[in-house]
Structure formats: C-alpha cells, structure tokens
Amino acid sequence: VQLQAFGGGLVQAGGSLRVSCAASGRTFSSYAMGWFRQAPGKEREFVAHISRSGGWLYYADSVKGRFTISRDNAKNTLYLQMNSLKPEDTAVYYCAAARSYGGSSTYEYDLWGQGTLVTVSS
C-alpha cells in the first residue's frame with residue numbers, strides 16, 4: 001500500500017482542520033494506522049493510532065480531547081480531525097501504516113506517507 005497525506009494548511013489558533021491520508025491498493029483494512037508529526041528542529045512524535053477495524057483508538061496526551069482519528073476502510077482513507085488548534089500543533093503531519101498492531105513509536109510502522117504541513121498562527 002502507498003500513502004499520501006493531504007489537507008494541511010494555515011489556520012488560526014482555536015480553529016479546526018482535517019487532514020486525510022489516501023491509501024492505494026486493496027489491503028488498507030489490514031493495516032493499523034497512525035498519525036505522527038514533526039515540528040522544525042524536533043523529532044517526529046506520535047499523535048494518534050487506530051486499529052484495523054477502527055474500534056481501538058489512542059492519542060498522545062498533548063492532543064487528547066482535541067484531535068480525533070478515524071478511518072473509512074471502504075474509501076481507503078485515514079482522517080485526523082483537529083480542533084482547538086494551538087500554535088504548538090504546527091508541524092508536518094505524517095500518516096503511517098503498520099502490518100502488525102502499530103503503536104506510539106515510529107519503528108512500529110512499516111509504511112509512511114510524504115506528510116502535509118499544518119501551520120497554526122497565534
């Protein structure tokens with residue numbers, strides 16, 4: 001499967017944005033999926049994870065209650081709805097696919113998309 005993230009942009013603090021990740025191929029539903037982000041000069045960090053069926057979700061503490069991860073296996077698409085955005089959410093957002101269970105570490109994912117930039121202005 002190949003991944004392509006899109007939907008990033010410039011938004012004011014307090015605003016909302018939804019980024020998406022389109023997956024090619026017929027095996028999207030066999031992958032657990034995750035979102036990560038990388039701010040300038042910082043390491044890539046975990047944002048959210050969703051199981052293959054979408055029934056198991058978990059989030060980084062920094063986004064819990066503000067971000068929602070979801071997936072549509074019929075459309076081969078992963079989503080990240082981001083609300084109450086803060087300037088510190090500014091980063092390139094990456095989607096990733098795991099053949100196993102995935103998790104909160106980058107090494108637990110096998111495939112990565114190219115990233116989409118989200119900029120939150122104060």
Transitive ILVMFWY side-chain link [X] to [Y], under 4.5 Å:
X      : Y     : result
Leu111 : Phe46 : no
Tyr93  : Tyr58 : no
Met33  : Val63 : yes
Phe6   : Leu10 : no
Leu3   : Val92 : no

Quick one: sort the Tyr94 and Trp112 rings into parallel, tilted or perpendicular, breaks at 30° and 60°. perpendicular
Find out whether [X] and [Y] are in side-chain contact, i.e. whether some heavy atom of one side chain is under 4.5 Å from a heavy atom of the other.
X     : Y      : result
Ser62 : Arg37  : yes
Leu17 : Val118 : yes
Ser24 : Asn76  : no
Ile50 : Leu78  : yes

So which atom in [X] and which in [Y] form the shortest heavy-atom distance, rounded to 0.1 Å?
X      : Y      : answer
Val120 : Thr90  : N-OG1, 2.9 Å
Val1   : Ala23  : CG2-CB, 3.6 Å
His49  : Tyr101 : NE2-O, 2.8 Å
Arg99  : Asp110 : N-OD2, 2.8 Å
Ala5   : Gln114 : O-NE2, 2.8 Å
Trp35  : Ile69  : CD1-CD1, 3.5 Å

Is there a donor-acceptor contact under 3.5 Å from the side chain of [X] to the main chain of [Y]?
X      : Y      : value
Ser16  : Asn83  : no
Arg66  : Ser84  : yes
Arg18  : Gly8   : no
Ser105 : Tyr107 : no

Do Phe36 and Tyr109 have ring centres separated by under 6.0 Å?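 That pair passes the under 6.0 Å test.
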What about the rings of Tyr79 and Phe67, do their centers lie closer together than 6.0 Å?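 Ring centroids of Tyr79 and Phe67 are no less than 6.0 Å from each other.
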Does Phe28 have Arg52 sitting over its ring (NZ/CZ under 6.0 Å from centre, angle to axis within 45°)?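 No, Arg52 does not lie over the aromatic ring of Phe28.
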Can you confirm whether more than 12 heavy atoms, excluding those of Gln81, are under 6.0 Å from its CD atom?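 Yes, the 6.0 Å shell around CD holds more than 12 heavy atoms from other groups.
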Is a donor from one side chain sitting under 3.5 angstrom from an acceptor on the other, for Thr77 and Asp72?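 Note: Thr77 and Asp72 side chains miss the donor-acceptor criterion.
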Rounded to the nearest 0.5 Å, what's the gap from [atom1] on [X] to [atom2] on [Y]? Could you check?
X      : Y     : atom1 : atom2 : answer
Cys21  : Arg71 : SG    : CZ    : 10.0 Å
Cys95  : Gln4  : SG    : CD    : 9.0 Å
Thr119 : Leu85 : OG1   : CG    : 11.0 Å

Can you check side-chain contact (heavy atoms from CB on, under 4.5 Å) on Thr106 and Glu43, steps first, answer last? CA-CA 10 Å; Thr106 56; Glu43 293 187 351; over 6 Å; no
Between Lys86 and Asp89, is there a side-chain N and carboxylate O pair less than 4.0 Å apart?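 Asp89 and Lys86: not salt-bridged.
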